[in-house]
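Nothing here was measured: the structure is a model prediction, and the numbers come from that model.
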Amino acid sequence: MIADLDALPKIGAPAVRALTQAGYPTLRDLAGVPRAELSVLHGVGPKALGIIQRALEQHDLSLG
């Protein structure tokens, strides 16, 4: 199953809230964003970052 670029993958409610509040409401918005910038957000840990990276890779995209 290929991730939808217009939605965030299933990463947990705290991570979704943090990303949305930081201006990243969709998977597409996260392409090229440095992992370090995202990891400081509350609820966005290594597990969520891994899920996001794998979802981006399905579209030949990546975190920065």
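- In this structure, Asp4 has no side-chain hydrogen bond (donor to acceptor under 3.5 Å, both in side chains) partners at least two apart in sequence or on a different chain.
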N/O donor to acceptor pairs below 3.5 angstrom from side-chain atoms of residues 5-25, sequence neighbours left out:
from	atom 1	to	atom 2	distance (Å)
Asp6	OD1	Arg28	NH2	2.7
Thr20	OG1	Val16	O	2.8
Tyr24	OH	Glu37	OE2	2.4

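- In this structure, the separation between CG on Asp60 and CG on Leu56 is 10.5 Å, given to the nearest 0.5 Å.
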Please list, one pair per line, the donor and acceptor atoms closer than 3.5 Å that link side chains of residues 38-55 to other protein atoms, with sequence neighbours excluded.
from	atom 1	to	atom 2	distance (Å)
Ser39	OG	Arg35	O	3.4
Ser39	OG	Ala36	O	3.1
Gln53	OE1	Ser62	OG	3.3
Gln53	OE1	Leu63	N	3.0
Gln53	NE2	Glu57	OE2	2.9
Gln53	NE2	Ser62	OG	3.0
Arg54	NH1	Gly50	O	3.3

